[in-house]
Amino acid sequence: MSKKIVVIGSSNIDLIMQVERLPIPGETITGGIFHQTFGGKGANQAVGAARSGGDVTFVSCLGDDSFANDIIESFKEDGINTKHVFTKEGIATGTALIMIDQAGENCITVAPGANYELLPEHIDAIENTLQEASYLLLQCEIHPATLSYIIDKAWQLGVKTILNLAPARDLLEEQLAKLHLLIVNESEAAFLLKSPVDTIEQAKAAAHTLAEKVAHGVIVTLGAKGSYTVTADDAFMIAAKQVKAIDTTAAGDIFCGALTTALVEGMPLAEAIRFASAASAVAVTRLGAQDSAPTRAEIEAML
Ligand code: RIB
């Protein structure tokens, strides 16, 4: 079986402000510390998968600004295959404004820019690469029509798709049915089911409901509490490693990337989730998105 991972999705420049607390509307908070790093949920997943040991091809669309080359070089340093990272003239690379408080919680706003220029025709052009993949990893920061097209295409090609529904977005039942694994946090699960998911019991119930809609299984991530997983023949909780969080940005992306690496290696699902959970535990102890993604050795040390 192929050991290749294809990640398709967003790539952003992250403009990060560390502040004592998050402002309320209309308020100005000074005394922040500014950082600029590489992010985007898709790119973070790709880096998370590559640093944890995966053979990753990343498919994305960047703008024609000065960031594009630096981003591509950074992917290459992580050993990511960038032959399908496209650029689009006349538009900016995706940008995220991120505020982080002292507890590591964040608020993020995103201008998709070139991410929304990744089109079905790009996906047709990479069909051979997609066909060779063992797993396809997706999130929701590209244009909804392109995301739907990719899910359909991967299903036709027989490639197992893992979708992290971040940021939350409505999906047709017929598309949910084409997902091998769906990964959601509590608010994404609540969005999808149109009912509150505020407690562990509600999260478990949501996972069982959603598991009936997808091909193989659902993982509901619960932050510092861990995650709850439901497949056709199993349901289990995996506790998170307890660490002091500095910045939770991209913890979910890195979880998804490391999980995909572990699954490609043939780890059983519960073991793969433990591996992914250790990766995100390391990530939250560091500032930034891709900067926080751990190496294989760091994940194994955390395990
Ligand atoms: O999940 C974290 C990411 O969300 C950041 O890197 C930012 O770019 C936004 O896409």
Side-chain angles (χ1 to χ4, degrees), residues 7-18 22 34-52 58-63 65 67-68 70-72 74-75 78 80 85 91-101 104-118 137-144 146-147 162-169 183-188 191 219 221-224 227 245-260 276-277 279-294:
V7 182
I8 306 181
S10 60
S11 192
N12 293 336
I13 290 296
D14 286 356
L15 306 177
I16 305 172
M17 189 71 77
Q18 273 184 297
L22 302 176
F34 176 72
H35 311 264
Q36 180 176 311
T37 63
F38 299 142
K41 294 184 196 300
N44 301 342
Q45 288 181 340
V47 171
R51 280 197 204 149
S52 60
F58 184 45
V59 181
S60 192
C61 187
L62 305 173
D65 44 38
F67 298 125
D70 292 346
I71 290 175
I72 291 171
S74 170
F75 292 149
D78 275 309
I80 294 171
V85 175
I91 193 153
T93 295
T95 308
L97 298 181
I98 303 178
M99 283 184 288
I100 304 166
D101 72 11
E105 287 301 330
N106 61 44
C107 276
I108 304 180
T109 52
V110 176
N115 291 310
Y116 269 31
E117 299 297 328
L118 187 71
L137 179 56
L138 300 172
Q139 16 50 53
C140 301
E141 279 189 330
I142 56 174
H143 195 285
T146 306
L147 184 72
I162 301 175
L163 173 68
N164 181 205
L165 198 81
R169 177 180 288 182
I183 302 173
V184 285
N185 64 19
E186 294 116 306
S187 65
E188 291 150 5
F191 179 90
I219 302 171
T221 58
L222 304 161
S227 63
I246 302 292
D247 175 14
T248 57
T249 308
D253 311 333
I254 287 159
F255 177 96
C256 296
L259 177 81
T260 309
S277 178
S280 58
V282 177
V284 299
T285 64
R286 300 171 178 166
L287 185 74
Q290 286 156 44
D291 293 344
S292 71

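Whatever order the structure lists them in is the order used to number ligands and atoms, beginning at 1. Just so it is clear, the values below take in all heavy atoms, side chains as well, and ignore hydrogens, waters and symmetry mates.
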What's the separation between atom [atom1] in [X] and atom [atom2] in [Y], rounded to the nearest 0.5 Å?
{"X": "I219", "Y": "C256", "atom1": "CD1", "atom2": "SG", "answer": "7.5 Å"}
{"X": "T95", "Y": "L97", "atom1": "OG1", "atom2": "CG", "answer": "7.5 Å"}
{"X": "Q139", "Y": "I8", "atom1": "CD", "atom2": "CD1", "answer": "9.5 Å"}

So, Q36 side chain and L15 main chain: donor-acceptor pair closer than 3.5 Å or not?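 No.
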N164 side-chain N/O to I183 backbone N/O, donor-acceptor pair under 3.5 Å: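 Indeed, once roles are kept as given, a pair shorter than 3.5 Å links the two residues.
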Considering only heavy atoms, which of D253, V110, N115 lies nearest to atom 2 (C) of ligand 1?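 Closest candidate by heavy-atom distance is D253.
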Atoms in ligand 1 flagged as close to [X], the criterion being non-hydrogen separation under 4.0 Å:
{"X": "A289", "result": "6 (O)"}
{"X": "E141", "result": "4 (O), 9 (C), 10 (O)"}
{"X": "A250", "result": "1 (O), 2 (C)"}
{"X": "G39", "result": "6 (O), 8 (O)"}
{"X": "A96", "result": "7 (C), 8 (O)"}

Quick one: side chain to side chain contact (heavy atoms under 4.5 Å, CB included) partners of T248, sequence neighbours excluded?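 With sequence neighbours excluded, T248 shows a side chain to side chain contact (heavy atoms under 4.5 Å, CB included) to E105, N106, A245, V284, given in chain and number order.
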Identify, for [atom], the protein heavy atom at the shortest distance, and state residue, atom and that distance.
{"atom": "atom 8 (O) of ligand 1", "value": "D14 OD1, 2.5 Å"}
{"atom": "atom 3 (C) of ligand 1", "value": "N44 ND2, 3.6 Å"}
{"atom": "atom 4 (O) of ligand 1", "value": "K41 NZ, 3.2 Å"}

With sequence neighbours excluded, tell me which residues meet ring pair (Phe, Tyr, Trp, His ring centres under 6.0 Å) with Y116.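 Listed in chain order: H143.
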What about T249: any of its N or O atoms under 3.5 Å from an N or O on ligand 1?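 The answer is no, given that T249 and ligand 1 share no N or O pair closer than 3.5 Å.
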Nearest heavy-atom pair of S11 and S60: which atoms, and what distance?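 The answer is CB-OG, 3.5 Å.
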At a 4.0 Å cut-off, with the gap strictly under it, does some heavy atom of S10 reach an atom of ligand 1?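 It does not, in that no heavy atom of S10 comes within the 4.0 Å cut-off of ligand 1.
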